[in-house]
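Just so we're on the same page: letters track the sequence lines, and every chain starts at 1.
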Amino acid sequence: MLGYRQRNRVFQVRGHLAVRAEQHHSRRGLVSSCNRSRPLPLEHSGEIKPDDKLYQIRHSLAHVLAQAVLELREGATLGFGPPIQDGFYYDFVLPEPITESDFPELERRMRRIIKKNQRFYREELPKTEALARIDEMGEPYKREYAEELCAKNGLEALSFYRNGPFLDMCEGPHVESSKEIPRDAFKLRSVAGAYWRGDSRNKMMTRIYAWAFEDKATLDSHVEAYELAQARDHKKLGRELDIYVIDNEIGRGLPLWLPNGTVIRDELEKLARELEFKDGYQRVATPHLAKQELFYRTGHLPYYAEDMYPPLEVIEHTEHGDEVKESYVLKPMNCPHHHKIFASSLRSYRELPVRLAEYGHVYRFEDSGAVGGLLRVRGMCMNDAHIYCTEDQIGAEFRNVIQLYDHAYSILGLKDYYLRLSCWDPDDPLGKNKYVDEPEAWEKSQDALRAILKELELDYVEATGEAAFYGPKIDVQFPTVTGRYESLSTVQLDFAIPKRLDLKYVGSDGAEHVPYCIHRAPFSTHERFVAYLIEHFGGAFPTWLAPVQVQVLTVSEQFDEYAQKVVDVLRADFVRAELASANDTVAKKIRDGTTRKIPNLLVVGEREVASQEVTLRRYGVREQLTMSLESFKAKLLKTIQTRALEFMQ
RNA sequence: GCUCACAUAGCUCAGGCGGUAGAGCACUUCCUUGGUAAGGAAGAGGUCAUCGGUUCAAAUCCGAUUGUGAGCACCA
């Protein structure tokens, strides 16, 4: 599993939040070049470069695939076909669809092509000749791209690669001959739609993904690791472990949290409350609805309208019998509500920073194709807080928030993530509609975040066009079992909305000032965070998070009385302990407890009853420990209280 | 939203070239009181996602719809 994740990592550089002042680790794993920004697309991961043999093999295999597809679907036209992490893909417009049932035939043809020892010839043609050749080839998409290449980059010549009968406009490089391509180290993986040039206004092409490695053993181990990882999929484990269900009569993307899942939520909330209490947050609570008008004032509407559930129209009657219509919306975020709490009293600079925290429910009308499992839902509960502060306090508050992340991640043992500084895109076609139109404020706040990251010696990736409309943010990206990265935690700087809502405080100069706002969600939403934790732990939660912490099982029914006493003693201290059903054999009870991934199984029989002991069988551990009930309870409580990942001896 | 695929019992799946369904697990009852990953028996469970079409006959073929998955786009 670990191997898979390492191989499949998209970015070399991960964030490590080693910033706790009191325990100054010697820059564990920090990369000192803080401004090393990286482009985001998968194919530009930096792990594999054009000079690498594997890059060339993958790139050449893409051409071989295209050749095979053209054999199978005469009249197909070509899009892009780059090498990517773990393999390659190629995009086509096909006269007849290709499905995964065509893969065996395609792979056969690819092997046959490779066997022909086709040489890859590079040829450069001057611009006009090149365009003429592309027209001859009948490749409209290549033509479009070629024109753009020439126009944007001022190219005077374009390169082509030919292998066998296949000709493609391509930058290369490729292997010299197809005999350099191992015939047994690739595997077609999936077929999917993909927009030409990644733009949804363009035609949807057919993309064929494939895995490709230097040899069969690497491919096999990769595929095996991938399949193993699929066993940790939160959708699969969520059902097997009774964590949540999604019922279509409730609605798409609206999960129902079962008792087991609710325990996990409660424990996470408890942890968040403790950490936030220590950091001076105050808890607030707000309704799920608000008047639509509020979101016009904040600037969310109309820009954000299609991502919200449509408004509820309410008619109220005045005392004169007149009808007054009002529109309410389900809030897609908590900030306007919190802003109103900030505005509920006259604030002095002496109060700042004000930190308002809430696990708040929000509703977003996500596109149907985006919704899936717990990772992308339409109703979610967010570990939200808004920090209102002066400009001078921004640095310290960001540092506090990042320390809070670090603390939370270290408790959970999370290491496999990277930081992304999400900036605005001055060239965004939506331009002024999408982003707050204050270029200087953008530059200034982005510089401020860069400075903080640098000061904390955190490495990060910079992503243009990923900012919130009101300011830049630092997102923490975590991998899912499919190898994709999702934003989990986020901390955002907002220099716009407080002004729009007329938030203010009285400064030391006696004048009114607009506060800055920091939005942050270290534990993300319950939905996404629990999804990640299920996959991270493979469903085998540490004791403090486990829905059932201890299951007591007896060797035979005659010891049930003692077992029940063990359960009662533990439950008296709020341990989630339960008694296994009586009518099974020990072996069966062990199996059931193990299948449910219960962290601590206690076996009691004649010996334990006689000595008032318990025999502990930890999840995934062969060796058992027999100890007194009192001793076990003390160790267990310590394990839970310290939120230890392992049982505390 | 888009492309492709898929939809059979609570779960995992088999079957069905058109004649109204089957297994394992789970569940219920009974037997068994068993020291470490499945003790045994019986029973209950399904308009084969929904709607429409073709047909003497549809769970099977066709269409639409809904849902799910992979990917693309989106993602405060």
Under 4.0 Å between a side-chain N/O of [X] and OP1 or OP2 of [N], yes or no?
| X | N | value |
| --- | --- | --- |
| A:K588 | B:rU33 | no |
| A:K235 | B:rA70 | yes |
| A:Y209 | B:rC72 | yes |
| A:R484 | B:rA70 | no |

[X] side chain: which of [options] is closest?
| X | options | result |
| --- | --- | --- |
| A:M204 | B:rG71, B:rC75, B:rA38 | B:rG71 |
| A:T99 | B:rC4, B:rA70, B:rC72 | B:rC4 |
| A:N583 | B:rC31, B:rG1, B:rU36 | B:rC31 |
| A:E557 | B:rG34, B:rU33, B:rU32 | B:rU33 |

Taking atom [atom1] in both [N] and [M], compute the distance separating them and give it to the nearest angstrom.
| N | M | atom1 | answer |
| --- | --- | --- | --- |
| B:rU68 | B:rC11 | P | 14 Å |
| B:rG71 | B:rC13 | C1' | 26 Å |
| B:rC6 | B:rC25 | P | 30 Å |
| B:rA38 | B:rC17 | P | 38 Å |
| B:rU28 | B:rG69 | C1' | 34 Å |
| B:rC51 | B:rU60 | P | 12 Å |
| B:rC74 | B:rA64 | C1' | 27 Å |
| B:rG24 | B:rA9 | C1' | 12 Å |

**Report entry** A:K291 atom NZ, neighbour heavy-atom count above 12 within 6.0 Å
**Finding:** no

Query raised in the report: Using a distance-only test with no angle check, is there a side-chain donor-acceptor pair under 3.5 angstrom linking A:R420 and A:S422?
Result: yes

Query raised in the report: Does a side chain donor of either A:T286 or A:K331 reach within less than 3.5 Å of an acceptor in the other side chain?
Result: yes

What contact category does [X] fall into here, base, sugar-phosphate, or nothing, at under 4.0 angstrom with non-hydrogen atoms?
| X | value |
| --- | --- |
| A:S200 | sugar-phosphate |
| A:D307 | base |
| A:E486 | nothing |
| A:T585 | base |
| A:E608 | base |
| A:G593 | nothing |

**Report entry** Within the 6.0 Å centroid threshold, strictly below: A:W196 and A:F80
**Finding:** yes

Query raised in the report: 5'-most contact on RNA chain B: A:D199 or A:K473, nearest heavy atom basis?
Result: A:D199

Requested in this report: For A:R528 and for A:A587, find the nucleotide of RNA chain B with the closest heavy atom, then tell me which residue's nucleotide is more 5'.
Outcome: A:A587

Please report the distance, rounded to the nearest Å, between [atom1] in [X] and [atom2] in [N].
| X | N | atom1 | atom2 | value |
| --- | --- | --- | --- | --- |
| A:D367 | B:rG1 | CG | P | 7 Å |
| A:D560 | B:rG35 | CG | P | 15 Å |
| A:R207 | B:rC2 | CZ | C1' | 13 Å |
| A:I98 | B:rG71 | CD1 | C1' | 16 Å |
| A:D584 | B:rA26 | CG | P | 8 Å |
| A:Y619 | B:rA37 | OH | C1' | 11 Å |
| A:R376 | B:rA73 | CZ | P | 12 Å |
| A:R591 | B:rA26 | CZ | P | 8 Å |

Close N/O contacts between protein and nucleotides 10-14 of chain B (under 3.5 Å):
from, atom 1, to, atom 2, distance (Å)
B:rC11, O3', A:R239, NE, 3.4
B:rU12, OP1, A:R239, NE, 3.3
B:rU12, OP1, A:R239, NH2, 2.8

Query - Inter-residue atom distance A:L625.CG - A:T615.OG1, 0.5 Å rounding - result: 9.0 Å

Requested in this report: Answer yes or no: is there a donor N or O on one side and an acceptor on the other, between the side chain of A:W257 and the main chain of A:E527, under 3.5 Å?
Outcome: no

Requested in this report: Test the A:R207-A:Y89 pair against the cation-pi criterion, namely NZ or CZ under 6.0 angstrom from the six-membered ring centroid and within 45° of the ring axis.
Outcome: yes

**Report entry** Conformer about C1'-N of B:rG45 - syn within 90° of 0, anti elsewhere
**Finding:** syn

Query raised in the report: By a strict heavy-atom criterion of less than 4.0 Å, which residues belonging to residues 246-258 of chain A are in contact with RNA chain B?
Result: A:N248, A:R252

Query raised in the report: Charged N to carboxylate O below 4.0 Å: is that the case for A:R197 and A:D199?
Result: no

**Report entry** Quiz item: A:Y195 side-chain donor-acceptor pair to B:rG1 base, under 3.5 Å
**Finding:** yes

Query - Under the 3.5 Å Watson-Crick or G-U criterion, the dot-bracket string of RNA chain B, with | for inter-strand pairs - result: (((((((..((((.....[..)))).(((((.......))))).....(((((..]....))))))))))))....

Can you classify the ring geometry of [X] versus [Y] as parallel (below 30°), tilted (30 to 60°) or perpendicular (above 60°)?
| X | Y | result |
| --- | --- | --- |
| A:Y363 | A:H361 | parallel |
| A:H300 | A:Y470 | perpendicular |
| A:H339 | A:H386 | perpendicular |
| A:Y417 | A:F478 | tilted |

Query raised in the report: Under the ring pair (Phe, Tyr, Trp, His ring centres under 6.0 Å) criterion, do A:Y90 and A:F92 qualify, and how do the steps go?
Result: CA-CA 7 Å; A:Y90 214 116; A:F92 307 92; 5.1 Å; yes

Query - Trace of the side-chain contact (heavy atoms from CB on, under 4.5 Å) decision for A:T490 with A:M382 - result: CA-CA 11 Å; A:T490 183; A:M382 185 178 280; over 6 Å; no

Report task. Over all heavy atoms of both residues, which pair between A:R364 and A:P332 is shortest? Give the atoms and the distance, please. Result -> NE-O, 2.8 Å

